[in-house]
Asks: 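Would you mind keeping the following structure in view while I ask a few things?
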Amino acid sequence: MLNSNLCNLVNSKTRILGVIGHPIAHSLSPVMHNSIIFKNKVNQLNSEAISKNIDTIEKLKEFKYLKSNLIDNLNYVYIAFDISPENLKNMVVSAKTLNIHGLNVTIPYKIDVMQYLDEIDEDAEKIGAVNTILFENGNSKGYNTDGLGFRKAIEELMETRNLNTSNSTIKSKKILVLGAGGASRSICYEMSKDNFVTITNRTFEKAEALEKYLKSIGHKNVNSIKLDEFNNINNLMDYDIIVNTTSLGMHPNIDETVINLSKLPENSLVGKFVVDIIYNPFETKFLKQASEKGAVTQNGLSMLVHQGAISFEIWTGLKPDVEIMKNSLIKELNSK
Ligand code: ATR
């Protein structure tokens, strides 16, 4: 079906999106965003090719299907930029010079980049980190989509389990967050807008400091509890959603968990949601233990996809198909 028009995938009107970080070679963001951009372009080329010769019902059906799923003017490309620390400021200036339209920001620049931006969105300002930049009319504005990405992932998890996802149902859930680093901060900030959130961490002072900070900006539904308290595993029973935001259990240290759920009685997690923001491995030991005790579990791919989808919408104004994004990631991770 495809022809020489493939070289038109990137042309003189293509707008540039990308991700900056250091190192960046392992970033999954290019695959995830380009899956939307290129699938659309390929569908467009295929529908143009079919339109020249519709001589069967099947071809007509395929044409109509492709046409109905096309997004107009989605002429972008997404590139990874490995930026050394001394070039961070130059990068932001150069992005304007080169007419780059949008950037994701990853480790180690989510905080440092803020000083070079013209404007910061209110949520990103309060989280204290930026993972998305929009360049528009010579202005750079920073956003943080991590927390909202987590919220969308939780909503998706509840929807797939046919649970009522009205605001009041989600708001009534008590959340335990394991960890008090950068990822925890975005998640606790977003979820403590409506939900009661408990933070626990190996270094308790960090959990306490996050609690104090969130309270200082008006998020009252938050407390912090020492990690030791959860040696009494019954204390977990107070929570509807338990989230691991630490790196424990991530490849290659796949045998580690912050809390050992295997000590819980059979079926004790039925009706509860256990989430890990790790996606490599797909199922951490923590999630496996949770699932064995009856919990509904979710790995970090959903949060990754949803934070990406929100960034994509900030840049293009379009809601991308998150299933396409997720499948591209699964394929990429399976190929490694
Ligand atoms: P991120 O930005 O991915 O959240 P981070 O800011 O470095 O990463 O935070 C890592 C989190 O994992 C922290 O909560 C850290 O606990 P400490 O604050 O005590 O360092 C937690 N963590 C990392 N290694 C851990 C371990 N071996 N045991 C328990 N918690 C650990």
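Remember, it's 1-based here, ligands and their atoms both numbered in the order they're listed.
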Asks: Can we say E332 and K336 salt-bridge, meaning some charged N sits less than 4.0 Å from an Asp/Glu carboxylate O?
Replies: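 Answer for the salt bridge query: yes.
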
Asks: Students should find this: residues with any non-hydrogen atom under 4.0 Å from ligand 1. What is the answer?
Replies: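 The 4.0 Å shell around ligand 1 contains G179, A180, G181, G182, A183, N201, R202, T203, K206, T246, S247, L248.
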
Asks: Closer than 4.0 angstrom, basic N to acidic O: yes or no for K288 and E292?
Replies: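 Yes, K288 and E292 are salt-bridged.
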
Asks: When you measure from the side chain of S268 to the backbone N and O of P265, does any donor-acceptor pair fall under 3.5 Å?
Replies: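 Yes, because the side chain of S268 sits within donor-acceptor range (under 3.5 Å) of the backbone of P265.
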
Asks: Between E156 and K152, is the closest basic N to carboxylate O distance under 4.0 Å?
Replies: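 No.
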
Asks: Considering non-hydrogen atoms only, spot the tightest contact between I199 and G179 and give its length.
Replies: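 Of all heavy-atom pairs spanning I199 and G179, the closest is CG2-O, 3.6 Å.
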
Asks: Keeping N195 on the side-chain end and I170 on the backbone end, is there a donor-acceptor pair under 3.5 Å?
Replies: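 Yes, the answer is positive, given that a donor and an acceptor are paired below the 3.5 Å cut-off.
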
